[in-house]
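So you know, we letter chains A, B, ... as the sequences are listed, proteins then strands, and number each from 1. For clarity, every value in this text was computed on a predicted model and none was experimentally measured. Values below: every heavy atom of this structure, side chains too, minus hydrogens, waters and symmetry copies.
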Number of protein chains: 2
Amino acid sequence: MDSIQTRIERSNNMIKIPTIRRLPRYLRVLQSLSSSGREFVSSETLASLLNIKPIVVRKDLAFTGISGKPRVGYSITHLISLIEGTINFKGKNTAFLAGAGNLGSALLGYNGFARHGLDIIAAFDVDPQKTDTTIHGKSIYPLERMPEIASRLNPYIGILCVPEESAQQVADIMIASGIKGIWNFSNKELNVPPDVVLQNEDLGAGLAILSIAIEKSSRP
Amino acid sequence: MDSIQTRIERSNNMIKIPTIRRLPRYLRVLQSLSSSGREFVSSETLASLLNIKPIVVRKDLAFTGISGKPRVGYSITHLISLIEGTINFKGKNTAFLAGAGNLGSALLGYNGFARHGLDIIAAFDVDPQKTDTTIHGKSIYPLERMPEIASRLNPYIGILCVPEESAQQVADIMIASGIKGIWNFSNKELNVPPDVVLQNEDLGAGLAILSIAIEKSSRP
DNA sequence: AAAATATTGATATAAAAATATCGATATGAT
DNA sequence: ATCATATCGATATTTTTATATCAATATTTT
């Protein structure tokens, strides 16, 4: 069994989910600061740009391993590089996308993924009208060819944009194709084996938070 | 100043963000259970459907005000109704959408919003090629007409899908149009006055979590 | 060179969220 | 009718996350 000491150390070293969520935000403002020619930035400045508290910034950045200088702040280029390293935005995250409907097509055309090191290398659909065409320059293949094409291209991530009814089935094909993680944009609760990582993207959640917050702020 | 007692009571009554995030998920599986003819469901069953622990379910559901029966569980229809009431998915959330590009168009065509009580009543763009057409049955108006049209239709929510460069500017127009909350799909950190609610939807965050989780699971 | 100051980062505290424990109770079994 | 059991919900505990405090230090000012 772990000693108390071991457990404390581990929990101190592990990067936390809320921190991970904020890292891409730091990255964006840092890139913007960098392109405007700035070299250093303080936790105070970053905090005000993200509407959070400076202490949160310092705690978050500590996880990347950066060391700031008192009275100067953090080196922007160094920080960008460390954050990119922390969230794997440097090494290419290769992905397959399944379901070239409205949302799937939009994601195929989303420029922001390049900045996040995500490369959608192939897309799949069951609709014969879509297969063997391209959408935003990405080839659409018949879904049944996924395992075969995966064995050549070795994708890491499966982006799931199919309707709920077929979500589990398509997820299973992704898993059989050797994908390591599924980014689930369908509103289906998926079952995946323990070695496959599942990240649910739920628009309903964001809308619910917004909706409740508006309700509260309108009658305080 | 608040007494300790007051503060404790308030913090116990206030619904928490993680709970709000899960409510739409409960709703979806409950609707599915309901349509398969079931009347009652236990916290254990809900938990296994969502891959969370039963105790989390019971705590979450307590916020909706439901009361379950020992050995039986919760009434599904009652629970659906209480959750919808809690997250305002019953009353209509009327919305304007700005930016009919890839993502904006996809959201205009997203059927899931109906289930969440969100009604996009008009969309706006600066591109003259898009304005005065419809996308997925929604009319696209010139951006400059937003304040005028808002004064007639009184939208609650502004869905922001414009490029980063113009995001703050368009957000300001939304705010001037009397919108109560902004659902920000751009990757810009926005400044909004305190009476306007801001909900950021950040794909980078989800990708970062996925990416780090995959990395960890592949070398444990 | 010394003093003043801004900023980091370590340590401590508080608040929020998840988890554990268990008594109370409604139902089904005996 | 009584007993056994599944399930809820109250209370307690632990873990995670956010926040506060302040000593250490690099820079600027005097």
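For A/Ser177 (side chain) and A/Ile179 (main-chain N/O), no donor-acceptor pair under 3.5 Å exists by modelled atom type. Here the side chain of B/Asp202 pairs a donor or acceptor atom with the backbone of B/Gly204 at under 3.5 angstrom. Not a single donor-acceptor pair under 3.5 Å links the side chain of B/Ser32 to the backbone N or O of B/Arg28. Between the side chain of A/Ser81 and the main chain of A/Thr77, no donor-acceptor pair closer than 3.5 Å is present.
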Per-nucleotide protein contact along nucleotides 5-11 of chain C, 5' to 3', at a 4.0 Å heavy-atom cut-off (B base, S sugar-phosphate only, - neither), is BBBBBBB
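Other residues, nucleotides and ligands contribute over 12 non-hydrogen atoms within 6.0 Å of the CD atom of A/Glu164. Enclosure of atom CZ in B/Phe96 by more than 12 non-hydrogen atoms of other residues, nucleotides or ligands within 6.0 angstrom is indicated. Surrounding CG of B/Asn111 are at most 12 heavy atoms belonging to other residues, nucleotides or ligands under 6.0 Å away.
Listed in residue order, the members of residues 189-212 of chain B having a heavy atom less than 4.0 Å from DNA chain C come to none.
Nucleotide D/dT30 has C/dA1 as its partner under the Watson-Crick or G-U criteria, with both atom distances under 3.5 Å.
Atom-to-atom, CG of B/Leu50 to P of C/dA18 comes out at 13 Å; the value is rounded to the nearest Å. Atom CD1 of A/Ile15 and atom C1' of D/dT16 are 14 Å apart (whole Å). Per the geometry, NZ belonging to B/Lys53 stands 14 Å off C1' belonging to D/dT16, to the nearest Å. C/dA17 atom C1' lies 15 Å from atom CG of B/Leu23, rounded to whole Å. Atoms CD (B/Glu39) and C1' (C/dT27) sit 16 Å apart, rounded to a whole Å. Separating the CD1 atom of A/Ile17 from the P atom of D/dT15 is a distance of 18 Å, rounded to the nearest angstrom. Rounding to whole angstrom units, CD1 of residue A/Ile20 and P of D/dT16 are separated by 13 Å. Note: CG (B/Leu61) to P (C/dA17) measures 17 Å, nearest angstrom.
Not counting sequence neighbours, A/Arg21 has no partner by the salt bridge (Lys or Arg N to Asp or Glu O under 4.0 Å) test.
An OP1 or OP2 oxygen of C/dA16 is reached within less than 4.0 angstrom by no side-chain nitrogen or oxygen of B/Lys16.
Here B/Glu201 contributes atom CD and B/Leu107 contributes atom CG; the two are 9.5 Å apart, rounded to the nearest 0.5 Å.
The residue A/Arg21 sits apart from the nucleic acid: no heavy atom pair falls under 4.0 Å.
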